[in-house]
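Structure first, commentary second.
The model shown is predicted, which means the values in this text are computed figures rather than measured ones. Here is the naming used below: chain letters follow the sequence lines, and residue numbers restart at 1 for every chain.
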2 protein chains.
Amino acid sequence: MRKRNVNPSVDTRETLLRLAARSFATQGYTATTMRSIADQAGIEAASIYYHFSSKEELVDIVMEHGADSIVRHINEHFDALPANAGADDRFKAALVGQMSALIKFGDYALAHGRLLSQLPDKVRERQIKRRERHQRLWTTVFDDLRKEGFLREDVDIALCRVFVLGFINSVQTWFDPKKGSLDKVADQFITMFFEGVQPAAKRRRSGRRKELAASS
Amino acid sequence: MRKRNVNPSVDTRETLLRLAARSFATQGYTATTMRSIADQAGIEAASIYYHFSSKEELVDIVMEHGADSIVRHINEHFDALPANAGADDRFKAALVGQMSALIKFGDYALAHGRLLSQLPDKVRERQIKRRERHQRLWTTVFDDLRKEGFLREDVDIALCRVFVLGFINSVQTWFDPKKGSLDKVADQFITMFFEGVQPAAKRRRSGRRKELAASS
DNA sequence: GTCTATAGATTGATAGAC
DNA sequence: GTCTATCAATCTATAGAC
């Protein structure tokens, strides 16, 4: 006979975190008040301080969850790969891993992506350190793609990176789980990314009206 | 002899708008206080109310500037095209137009991109209407690309769109005008987008280890 | 664990002098 | 056009009852 809810405060704590994450992500740090979080949880604002010592601690934990969930998801997808996986397989694993973290832990991940500049100094410094794991992870993925010959020599790897990550992070703003799977989106993206969107018939259009490229 | 500074309040007004845009973009709507804006402008908070009737009006004007600068920049780049320009030329014009607006009017454009969910209801509704012009503009660009045969049949146009716009909007977070020109970035992106990043030697790798694609 | 009550600071905004 | 002075509302956080 398993004990259930011996310590119900754990549930309240998680409810508070979830509500806080949503409000932080959509309203911002300052606009999110302890009162509004408490209201949604059905308790008084003062009661929050039994679970968290301050608003700063609350947002710090939310940010930590966001950062962790992304890195953890990516690593889980890495671990599921066979030993002979190529750089392209690890690329897709990282892609799907990060996208599914953004969808599953939407509010935490959104907070992680949007809130940095609004945070109190101490929390922001901690959060910047947490991001470094994530940065290194993607650096390795792209370096391996190049090493194993999946990237043309003339492709700028830094541009490539912002290109891919810009896309991934936009997923939160448009993806609807009811209308499709992340895996299909990832496959379509990978095809576009590696092969381009141009029909074979139009390839290498050469420099028609080159002077246009110089105007700006 | 041209009159100069007959009405110096115009300068103060623009200074306030510029400072407000920066603070709104980085700190968020609620975290930006009338006092902090006034401090940076070297006046008292109460003096702002001579130029703007409320904080809501202030943020509304900032958002309007952001939306307008983007649409205006894109249209200027369209107007510079010759009559025989193709859909690919208009694509690049829109690309460079929006990117240069994001860089030139950074704080206004950032506010426009980040602040929507934090705004008071009335301001948010107005801002959503303003965005429609921008949406229609890009819809036309992508429809024309397809009509004129620049997109493969199997390419999902909606995905294509978030792909491109996700990239463009990420420009603000990494582009450094000292290290390169937007036009070069646009050219590299366009090459990657149409032709893909894969070397010709690796094209059509077929379905090696297809079961990986089904895992999630 | 959650409550009531309240302290202490800060906010958007107004009134009226200059 | 900008100032000083101030108000009412709202914020985070604490103290202590239950």
Rounded to whole angstroms, how far apart are CD1 on A:I37 and P on D:dC11?
11 Å

Whole-Å distance, A:D39 CG to C:dT2 C1', equals 14 Å

How does protein reach along nucleotides 13-18 of chain C, written 5' to 3' as B (base within reach of a heavy atom under 4.0 Å), S (only sugar-phosphate), or - (no contact)?
BB----

Out of the candidates A:R130, A:R133, A:H134, only one should pair with A:D68 under the side chain to side chain donor-acceptor pair (under 3.5 Å) rule; please name it.
A:R133

Any side-chain N or O of A:T30 below 4.0 angstrom from OP1/OP2 of D:dC11?
no

Whole-Å distance, A:L58 CG to D:dA13 C1', equals 14 Å

For the pair B:D60 and B:R124, find out whether any cationic side-chain nitrogen is under 4.0 Å from an anionic carboxylate oxygen.
no

Is A:R126 salt-bridged to A:E56, cutoff N-O under 4.0 Å?
no

Roughly how many Å is it from CD in A:Q27 to P in D:dC11, rounded to a whole number?
12 Å

Should A:K92 and A:D183 count as an ion pair when the cut-off is N to O under 4.0 Å?
yes

Would you mind telling me which of D:dC11, D:dC3, C:dT2 lies closest to the side-chain atoms of B:E44?
D:dC3

Classify B:T32 by what it touches in the nucleic acid, base, sugar-phosphate, or nothing, heavy-atom distance under 4.0 Å.
sugar-phosphate

Nearest of C:dT11, C:dT2, D:dC11 to any side-chain atom of A:I43?
C:dT2

A:Y50 atom OH is separated from D:dA13 atom P, nearest whole Å, by 19 Å

Does the pair B:R90/B:D144 count as a salt bridge with the N-to-O cut at 4.0 Å?
yes

Whole Å only: how far is the CD1 atom of B:I48 from the C1' atom of D:dT2?
12 Å

How are the rings of A:F91 and A:W138 set to each other: parallel, tilted or perpendicular (split at 30° and 60°)?
perpendicular

